[in-house]
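This one's a predicted model, so the numbers in the text were calculated from it and none came from an experiment.
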Amino acid sequence: MMKTMIYTPNETQTEYNLAGSLSGINEVQPQEDFIMHPTIDVCFAGLMDNPTVRKGFCAAVMRVKPEEIEETELLPTHLHREYADDKLGILDVRVRLKNGIQINMEMQVKKYPFWDERALFYLSKMFTEQLREGEAYGRLKKSIQVSILDFILFPDDARYYRTMHFRDDETGKLYNDKMELQILELKKLPGEIQAGEDIANWMRFFNGKNRKEFEDMARVDEYLDEAYEALKRLSADDEKRLEYEARAKVLRDHINMLEGIKEEGLEEGRKEGLEEGRKEGRKEGLEEGRKEGIQMVVRAVGLHVQGMTDEEIARQCNISKEEVKGILALYKIQGDFF
């Protein structure tokens, strides 16, 4: 029986080998040397709890000077952090500015199927949730979805920061600027950053791996300096450190599971192709395995949502109970993705 497989066989190591995203976290660091990595979502959220840090980053996102940001208000998000693995990797930070503009920020360390659709879904949801029944459309304010990615989403170019809007396909003319998607790819940061690129400076800070790198960025301006001070306070807080390390461990475990599923699927595809004795057969076997895997995941999750037990799902899908548990573990990570 074909194992569940989610990834296509030609996806690059850069996009899906995620162990590097957590490099340095595996080692036990002495208390005095320990520093959190902002790519872990609980650390990023902790930094955004600081009004000065939040103001500086929002200004970079809006491409204005920080003094032009009068006020930032943290809004409730869908994630309640009761357990270390709740909504793994998708802890949102949602901010409303005094002028009504909303910015939803998230730190992502892994790519998964339909990531683009998910980003559009949450941007649309943030935009439409502004209005109550009977209110005029003219009350709608700009909504910005900021996705900070510790993986490469667009492998065909070197641009590390991009902004997207609705535009006319033929003329390129902007249709409306009230829905905006910003994508920051940390893995693409160049060795040298031009002066004045505020968003790149924040990206460099978020991508920091040791005290020296954070100290260097803290010299850039008062807002990054405050970010470093906030990071040191978070890292020195025993309770926050336990939460951080728990999240990092869960993330590592699930990354290993994802890699395992990928390798099992690829191996099954190779075997099937070899049995056919043709190169074309191997390709067809891999592609067929990918399609079967995606269909299996969607069906199993659908049955789970309907209230079926693991045993019932296993019988319906003709897979083992262990495979069901693996699929549902992925569903738990990715939340509303399906």
Side-chain angles (χ1 to χ4, degrees), residues 12 14-16 18 20-23 36-48 50 53-66 69 72 77 89-95 97 101-112 115-123 126 142-165 177 179-209 213-214 216-218 220-221 223-224 227-228 230-231 251:
T12 66
T14 303
E15 289 176 285
Y16 286 103
L18 301 170
S21 299
L22 298 175
S23 60
M36 291 184 181
H37 295 184
T39 48
I40 299 297
D41 57 5
V42 294
C43 176
F44 176 73
L47 290 173
M48 290 302 126
N50 184 301
V53 177
R54 195 165 63 242
K55 179 178 181 178
F57 184 57
C58 286
V61 167
M62 296 294 298
R63 301 177 186 83
V64 299
K65 295 180 179 180
I69 303 290
T72 63
T77 66
I90 45 177
L91 177 62
D92 294 358
V93 176
R94 189 165 169 180
V95 178
L97 307 185
I101 292 175
Q102 290 193 46
I103 306 173
N104 190 65
M105 316 165 192
E106 62 175 354
M107 180 68 70
Q108 285 281 352
V109 300
K110 65 183 181 64
K111 183 181 179 182
Y112 46 81
W115 188 93
D116 297 339
E117 287 81 356
R118 179 189 169 278
L120 290 173
F121 174 81
Y122 281 110
L123 174 59
M126 177 170 51
K142 186 171 185 172
S143 296
I144 305 173
Q145 170 73 23
V146 180
S147 297
I148 308 165
L149 310 180
D150 199 25
F151 59 85
I152 293 178
L153 181 64
F154 300 101
D156 296 331
D157 64 55
R159 294 164 56 205
Y160 54 86
Y161 171 55
R162 67 188 75 214
T163 302
M164 301 178 181
H165 295 95
D177 74 341
M179 294 182 71
E180 178 175 308
L181 180 63
Q182 296 193 20
I183 298 177
L184 290 59
E185 296 175 272
L186 299 181
K187 296 293 188 188
K188 287 185 178 179
L189 275 172
E192 297 293 332
I193 295 177
Q194 298 298 318
E197 295 185 1
D198 292 342
I199 198 70
N201 288 329
W202 280 98
M203 290 175 67
R204 175 72 51 91
F205 181 86
F206 294 145
N207 203 39
K209 298 296 187 292
E213 293 179 6
F214 293 123
D216 290 344
M217 294 309 303
V220 172
D221 62 41
Y223 297 96
L224 286 164
Y228 180 42
L231 183 62
L251 182 56

Taking Arg94 for the side chain and Asn104 for the main chain, is one N or O donor matched with an acceptor at less than 3.5 Å? no
Do the side chain of Arg204 and the main chain of Pro190 share a donor and acceptor less than 3.5 angstrom apart? yes
Basic-acidic side-chain contact under 4.0 Å: Arg159, Glu185: no
Within-4.5 Å side-chain heavy-atom neighbours: Leu184 and Leu149: no
Measuring only between side-chain heavy atoms, which start at C-beta, is Gln108 closer than 4.5 Å to Leu153? no
Hey, is the main chain of Asp157 close enough, under 3.5 Å, to the side chain of Lys188 for a donor-acceptor pair? yes
Test item: Phe57 and Ile199 side chains (from C-beta on) under 4.5 Å apart, heavy atoms: yes
What pair of heavy atoms forms the shortest contact from Met107 to Thr39, and how long is it? CG-O, 3.2 Å
Within this structure, what is the CG-OG1 distance for the pair Asp177 and Thr163, rounded to the nearest 0.5 Å? 11.5 Å
4.5 Å side-chain heavy-atom contact, Lys187 and Asp150: yes
Are Trp202 and Val53 packed together at the side-chain level, in the sense that at least one heavy-atom pair is separated by less than 4.5 angstrom? yes
I'd like to know if Arg63 pairs up with Asp198 as an ion pair, taking the criterion as any Lys NZ or Arg NE/NH1/NH2 lying under 4.0 Å from an Asp or Glu carboxylate oxygen. no
If you round to the nearest 0.5 Å, how far is CG of Leu47 from CZ of Arg54? 11.5 Å
Within the 4.5 Å heavy-atom criterion, are Met203 and Ile148 side-chain neighbours or not? no
What closest approach, in Å, do Lys55 and Ile69 show between heavy atoms, and which atom pair accounts for it? CE-O, 3.1 Å
Give the minimum heavy-atom separation between Ile103 and Cys58, together with the two atoms involved. CD1-SG, 4.0 Å
Kindly write out the residues that satisfy ring pair (Phe, Tyr, Trp, His ring centres under 6.0 Å) with Phe205, not counting sequence neighbours, or none if the list is empty. Phe214
Validation row: Tyr122, Glu106 side chains within 4.5 angstrom (heavy atoms): no
Considering all heavy atoms, the nearest Val93-Ala45 contact: CG2-CA, 3.9 Å
Mind checking whether Ile101 and Met62 have side chains closer than 4.5 Å, heavy atoms only? yes
Minimum heavy-atom distance Leu189-Ala200, with the two atoms named: CD2-O, 4.2 Å
Spacing of Leu120 atom CG and Trp115 atom CH2 [to the nearest 0.5 Å]: 8.5 Å
Apply the test side chain to side chain contact (heavy atoms under 4.5 Å, CB included) to residues Met105 and Phe44: give CA-CA distance (whole Å), side-chain angles for both, the deciding distance (0.1 Å), then the verdict. CA-CA 10 Å; Met105 316 165 192; Phe44 176 73; 4.0 Å; yes
Let me confirm one number: the CG-OG distance from Leu181 to Ser147, rounded to the nearest 0.5 Å. 6.0 Å
As a test of understanding, state which of Met126, Gln182, Met179 forms a side chain to side chain contact (heavy atoms under 4.5 Å, CB included) with Ile144. Gln182
Mind checking the CZ-CD spacing from Phe121 to Gln145? Nearest 0.5 Å is all I need. 11.5 Å
His37 versus Lys209, closest heavy-atom pair with distance: NE2-O, 3.4 Å
